[in-house]
Amino acid sequence: MDEYQYPLFFEAKDLTDREREKIRRHFQKKRDSGGGECGVIEKAGGNMYKISFKEKDDQERVLQRKFHTISLPSGDVCLTVSRTSSPDQPGTQTFTKTNTKSLEKIFRMDIYLLHYLRDNAKANKVLQKSLSAIDCTLEFNIDDEEVVVRGDIEKGLGGAFGASEKWEIQVDRVFIGLTERYISHHVLEPKQVRLLQQDLSFVTDDVKVYSEIGYSVIVGEAQAVKEKIEILEKSTPTRTEVPITGKQFTLIEEEFTREMSARHPDVQIHQSDNLIIMEGPDNGVQSGAKKLFEMMKNIKEKRVKLPTDLLTFISSSGAASKFQARFQQNLRNPVFLEVASDLLLSSLSSGALDEAWAALQRDLKVDTVKLHSAAHLDRIKEILNKAKDVANNRELRVNFSVIPGVGGPSETKVRIVGYSENVKKLKDVLQEYQMNHVETEETVNLPHPEMVDCFDRIRHLIGMNQTKVTLRASSSPRPHVLVSGPRCHVQEAHQALTSALASLAVDTLVLDGPGAQRFFQTDGKVGKDLVESSCQVLIKEQQGVNSQSLSASSLSASSLSGSILSGSSLSGSILSSSGSSSSILSGSILSGSILSGSILSSSILSSSILSSSILSGSILSSSGSSSFSATSGLSSAGLHHNTSGNIAVDKISLMIKISNLEDEKVNAMVAPMINKKLTSTNIGKSLLSKAGNLLQSNFNAAAGSAVSPGAVIQVTGPPSLGLTKLFFIECLPWDGATGQSVQALSNGLKRCLELCVQQGLTSVAFPIIGPGIKLKYPPREATQVLTESIYQFGVSASSGSLNTIHVVLKPGYPDTEECYHDVYTQFSSNMNVGGRVIFRSLTSDLDDVQMKMGRATIRLVFGDITNETTDAIVNTTDFVNFQNDGVCKDILTVAGPQVEAQLRAANVTRGEVFTTPPGSFPCKALLHVCGERDAGLTELLVCRIIQLCISSGHKSVAIPAIGAGTGGLDACVVAGAILRGIKTATSSSTFHHLTDIRLILIKIDVFLEFKKEAMQKYSSAVINRVSAPQMSSLQQRLQQRVQNIQQLQQLVQQKQQQQTPRSLSADPSILQSSVTDQKSSFLFVGLSRQDVDKAMAKLQDLYQTQCSKQTFTKERLEGLTQDDMEDLKQLVETEGVRVQMDQSGPGSLMVSGLKDAVNQVTQKINTILQDNLRREVRAKEEEELYGRVAWCILGVNGNWERLPKKANHELENNGAAGGIVDTNNIQWTVDLQRMEAKRPGQTAKLKQLKNLPDFTFPLYWDNMAAGENMKVVVLDPSSAEYRTVKEAFKRTAAKTVIRIERLQNIHLRRGYEVQKKQISDKTGRNSAGEKLLYHGTTQDNCDSIMKTGFNRSFAGQNATAYGDGTYFAVDASYSANTVYSKPAADGSQMMFVARVLTGLYTVGKYGMKAPPAFNSQQPHDRYDSVVDNTQKPSMYVAFHDHQAYPDYLITFK
């Protein structure tokens, strides 16, 4: 191959392919042969073979050895290499045996390296020591550029057979190591040579610089030389010139300059004639040049064929530069225009080119008019020239030319070219002239609309007693006088009238702002009348001026666009049907009760204000003694304003369903398939079983051609399934976490979610795809792929109409419980990330179910009774076997030996409830019962338990499913018995204290049976999904929003602000443009110029005495936002003042008008600036504090959630007296002494975390004292954190948890987070594969791990079957083995719950010191960890000490 250019030859007999490969690997290994990367071995003829190396240095090192001994399957072979295929030609080194006792070997070396080895004491000492170790001496021969090594055979190797070869190999190894340790580098670039000679810092103990004429050489230890080279390259600036035209640079200058300033600020950029010169660091200059070329390539051009006349007009009129300036201001990207034979438009944006071309087509025009006759051509030219001169008063805007007819004068044409509006005017003039000789009507435009009303007086004044034509004044479609009659007389009358009108003294007085008209309509009217009479003039207010008359209401029906309150949502009509602004509210806003019946229909508030799903169904339940509610495990729905701008009601609701996929009521379902076959999975078979052959037909019709893994087939949903679409994902069987199967499934899930959005679907159901017998995914991997895909969709995608996602778990499967815990844990931990709401709510079929019986609340809870902290705990036992694994053992282990002793000594009769003190268990009393296979007994026991709690004054009690475990009763039977027992006890007893009865159900099937029984016993008509206190608050808010029209206007403004974020930079021109057409203008008509001038002066003086001006500088206006400008615009229009750019400085504005109005605007600006300043200071304070201090609230799912910046600031500065709003828009009151937040029906804990400058505390940690680097926190058994860790442990380990401690080690966690980012960046999947795994330990090792982490140095204490790393188990039961978690003297054991970064993994092997390479071509790119089985790992092995963090320590028995 061309890349292997340095061949060597050796002689051998008939090598097999296997032997050739063995020899190639020998020469490839630098340690064995001195070689390196090489090609395949080829036969060169006869017994000669050739192997070629990529690098010359590798070739030379191989030649330095005389012999190469290689072990082959047929025996050892000794090869002699040479440069040529002739075996007799010597190599580059010589080997001389002077006699039988001594040996000599000569090495030719780089002359500067020879000088360095001789002159540098440290290097010389290393070389001498290495050679003396093998009894050799050294002689430097500088002149010949060689080193001579001599050795004594008898002294060193005993003269044995082959001693010389062994001696030579030893010497070779010394010099191979020498060339690896020391290198030389030639510097040829003059600037770098000069810098080396001038800067003495480049010479150190380890590095020497040898200067020659025209170059220098750096010699020394390899790493030190490389560092010097890097410093040298960075210290030498480079310069490059890029040819570019001025036009090109104009287009890209802004973006290129911004890019270079951000990425390479140290590169200087200069512009010369058609050149861009860049100077600075080489990498920056090269990067800049590359960027410049890329941007030049991105310049797009549009060449347009235009008529020659139009091209000439564009060139002569300067239209090109005017359009360029306009495009620069109005378009996102500049557009450059060039006029040649064509019109060439250039820009970086195709869209900008299209917009520019559209503007040119719209604003420029060429029109040709055929003349009726050429007889009056000179007159036509005269008329057109006159019209052209008027149009071209200040600039060339239109031109025309006469085109003689080819067939004679009858075909003469006039071509008009220029701006569209001016072309049209000239064309109109021409066409008007041509219509002179027929009966016609013509119009004489009146210069002012006010002249229409007084035209009779004007006609009499000018003596127009014309009888041959009819004169009629009209204001439609514009002010004019219609002259009708014969064409010749019409023309004469037209000219006479035009002349007469021109003789009148007519003028217009324009006063700043529309406020002048208001003044002369009210206070100044008397003064205006006096001016008219004294000066004998007519003064008329100009038409088309906004008189600022205000309607009866400032809010019309149309202002509520989007139906903020729909007409049908409230009884009565909020907006009148006509939409008239005079009657916004017809009758009462709400007739009758504001919340009658179902309080509000689902459409009361449109989606722009509230999602229709927030207030669905009946909100207030009917009255009665009992009611039922299913409370969501996690909900973020709320109506409060969200200061963070992230509104939860716009997010997706998540639901975890325990059911069959085919029974879900959704718009779309997702299912897997293999090889494009519907029935290839059990899910597909179930769907087909319910939907029938129609599904198969629809599937076949949609399947089409072959599909690739991850592709999605869209199938129309059959009516029997009640859905719109079925999405089938082409899946692959599990091939490991790094295989194609995971990527294919992830791509398919992402595609399904995108299709839901594109097709406007509102709900979709996903099963857990993978754990079945066909795909064989590990359950945890399958759930992770699904939850990660949904999470990424919630973070980055637009959910559109999609508002509900169901995750469906099939009941009765072995993995259902594990999958449920994994899915719930993943979703609940990602509901709120970094103060941002990701999902609106998370509900589950296993959420708590609540029933009300009088004063008592009965709750069905899916969980472990050993986690309960009620006053009384019910324990089921047979009073004999206390050490069998189960709930009884767990309770007694925590309670202590005294309680167990009492039970052993107890003599309990059937149906008796035996009471003991709690011992160490966190409750007030333990109630022990013996359940049997007897529903009647279970009912009796529950009744007695309730009565005992009532008589003992207990407020709460936790009861398991008595008889459903070892008792062997069906769960539905137990549910009925327990609920009947509770009802009997509560109906026959008087409640004083007992208010909370909790039924704790540890199995999914048992919980679902209890829930089903509860739903049947309590009518669904009394389901209450919104608590009464919450409803009361909602009612109050709705009443406040509809009490008056001002609050409706505020809602409109809030809606507009949500749609258009507040601008951070104000555009003062919005004020100027808002009054351009709102000047106060007055028309003066008189017989003489003197009368008109006199009247105008008097009226102006009269107005000026009532006016004032105020100038606002650019600096003063910089604090205003665009929204502030909008507010000011409304005030300016209301008060009738004029705003214009002031000449005192760029960006300054002058406000003029009536004094009171100017004062109002001035006061408004000052108020806004003060408010904005306060907001800006507050925002900066909040941002700075957010990085130092984290205030958190404990969510209903037990996870700590960070509060928004505003709440964070209020809590830190004791400013939360008015309450705080969390990221879910929920309002809370705060008690900082108790560190609690409250709202109706709920209390949540608060905590404050003070981060270190270089370390951010995890939200679930506790605060640590200053200087404290490690802290051990014993978890409260009643906390959700304790329950989560315990439930995961007990899922596989039948042990009793005694204590759980959280480990907070700042140094270890900091290193772990660094490693996590490194692995995440490397995998490119935004995930480091973090998993919670288990590691058994002992009391002796526990303290060391807590302080210094998991140390690989101790690998091998228990097992090294998969490598010499630290081992972690997937299941707690594995680590609970006494081999790994050795019991202490009291029988207790210890186990760490560790966060482990598994990343990309493969199967490990015995003796591995590190994970293997991920790619053989890139040996340094390794896996992150190894496992015992990639299909379903049961253990992971980590080789980096910071790859695992000891999160919790569990003590158990």
Side-chain angles (χ1 to χ4, degrees), residues 1255 1258 1261 1264 1268-1273 1285 1300-1320 1322 1328-1372 1374-1384 1388-1402 1404-1412 1422-1428 1433-1452:
F1255 181 75
W1261 276 23
M1264 300 174 69
E1268 185 179 17
N1269 292 318
M1270 192 186 86
K1271 182 176 184 177
V1272 179
V1273 180
V1285 177
I1300 299 177
E1301 298 164 283
R1302 186 198 316 123
L1303 311 178
Q1304 300 183 183
N1305 188 314
I1306 292 177
H1307 294 318
L1308 293 182
R1309 189 60 179 252
R1310 185 187 288 120
Y1312 173 81
E1313 294 297 338
V1314 171
Q1315 187 70 11
K1316 182 176 179 180
K1317 185 179 187 307
Q1318 179 181 342
I1319 293 177
S1320 178
K1322 185 184 78 169
E1330 183 179 63
K1331 292 179 172 59
L1332 288 176
L1333 303 175
Y1334 299 95
H1335 182 87
T1337 186
T1338 64
Q1339 183 66 47
D1340 295 336
N1341 295 334
C1342 176
D1343 188 64
S1344 174
I1345 293 175
M1346 290 166 60
K1347 291 179 179 178
T1348 63
F1350 298 103
N1351 194 331
R1352 288 177 299 156
S1353 302
F1354 297 104
Q1357 288 187 350
N1358 292 319
T1360 57
Y1362 301 101
D1364 298 339
T1366 306
Y1367 283 63
F1368 300 90
V1370 174
D1371 295 333
Y1374 188 96
S1375 297
N1377 191 304
T1378 55
V1379 174
Y1380 311 111
S1381 179
K1382 297 178 181 178
S1388 64
Q1389 297 173 263
M1390 308 182 85
M1391 181 189 304
F1392 283 104
V1393 180
R1395 293 181 180 270
V1396 184
L1397 306 173
T1398 62
L1400 302 177
Y1401 55 79
T1402 187
K1405 294 181 181 179
Y1406 180 82
M1408 275 187 177
K1409 301 295 183 183
R1422 298 179 177 275
Y1423 284 91
D1424 302 300
S1425 62
V1426 299
V1427 297
D1428 57 338
S1434 65
M1435 67 175 63
Y1436 292 80
V1437 184
F1439 293 87
H1440 193 289
D1441 292 341
H1442 285 304
Q1443 201 170 342
Y1445 174 79
D1447 213 9
Y1448 298 97
L1449 178 63
I1450 302 176
T1451 304
F1452 61 95

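For the numbers below, each heavy atom of this structure counts, side chains included, while hydrogens, waters and symmetry mates do not. Note that the numbering runs from 1 along the sequence shown for the chain.
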How many angstroms lie between atom [atom1] of [X] and atom [atom2] of [Y], to the nearest 0.5 angstrom?
X	Y	atom1	atom2	result
Ile1319	His1440	CD1	NE2	8.0 Å
Thr1337	Leu1449	OG1	CG	7.5 Å
Glu1268	Ile1306	CD	CD1	7.5 Å
Cys1342	Met1391	SG	CE	12.5 Å
Asn1269	Leu1308	CG	CG	10.0 Å

Donor-acceptor pair, [X] side chain versus [Y] backbone, under 3.5 Å?
X	Y	result
His1335	Tyr1367	yes
Thr1338	Lys1382	no
Lys1322	Arg1422	yes
Ser1320	Lys1316	no
Gln1443	Thr1366	no
Gln1389	Ala1376	yes

Do you know which two heavy atoms are closest between [X] and [Y], and how far apart they sit?
X	Y	answer
Ser1388	Thr1451	CB-CG2, 4.1 Å
Gly1336	Ser1375	N-CB, 3.5 Å
Gln1315	His1442	CB-O, 3.6 Å
Thr1398	Gly1329	OG1-O, 2.7 Å
Pro1433	Asp1428	CA-OD1, 3.5 Å

So, Arg1309 and Glu1313, do they make that salt bridge, N to O below 4.0 Å?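 Salt bridge between Arg1309 and Glu1313, a charged N being under 4.0 Å from a carboxylate O: yes.
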Heavy-atom check, side chain of [X] versus side chain of [Y], under 4.5 Å:
X	Y	result
Tyr1312	Glu1330	yes
Tyr1445	Asn1305	yes
Leu1397	Asp1424	no
Asn1351	Asp1441	yes
Val1426	Pro1412	yes
Trp1261	Arg1302	yes
Tyr1448	Leu1332	no

Partner residues of Tyr1374 under the ring-ring contact (aromatic ring centres under 6.0 Å, His included) criterion, sequence neighbours left out: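 Here the qualifying residues are Tyr1380.
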With Phe1392 via ring-ring contact (aromatic ring centres under 6.0 Å, His included) - residues at least two apart: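 Counting only residues at least two positions away or on another chain, Phe1392 forms a ring-ring contact (aromatic ring centres under 6.0 Å, His included) with Phe1350.
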Out of Tyr1436, Tyr1362, Phe1368, which one pairs with Tyr1401 under the ring pair (Phe, Tyr, Trp, His ring centres under 6.0 Å) rule?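 Among Tyr1436, Tyr1362, Phe1368, the one meeting ring pair (Phe, Tyr, Trp, His ring centres under 6.0 Å) with Tyr1401 is Tyr1436.
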For side-chain contact (heavy atoms from CB on, under 4.5 Å), just list the numbers for Leu1303 and Asp1447, CA-CA rounded to whole Å, side-chain angles, deciding distance to a tenth of an Å, and then say yes or no. CA-CA 5 Å; Leu1303 311 178; Asp1447 213 9; over 6 Å; no
side-chain hydrogen bond (donor to acceptor under 3.5 Å, both in side chains) partners of Ser1381, counting only residues at least two apart: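 If we apply the side-chain hydrogen bond (donor to acceptor under 3.5 Å, both in side chains) test to Ser1381, skipping adjacent residues, there are no hits.
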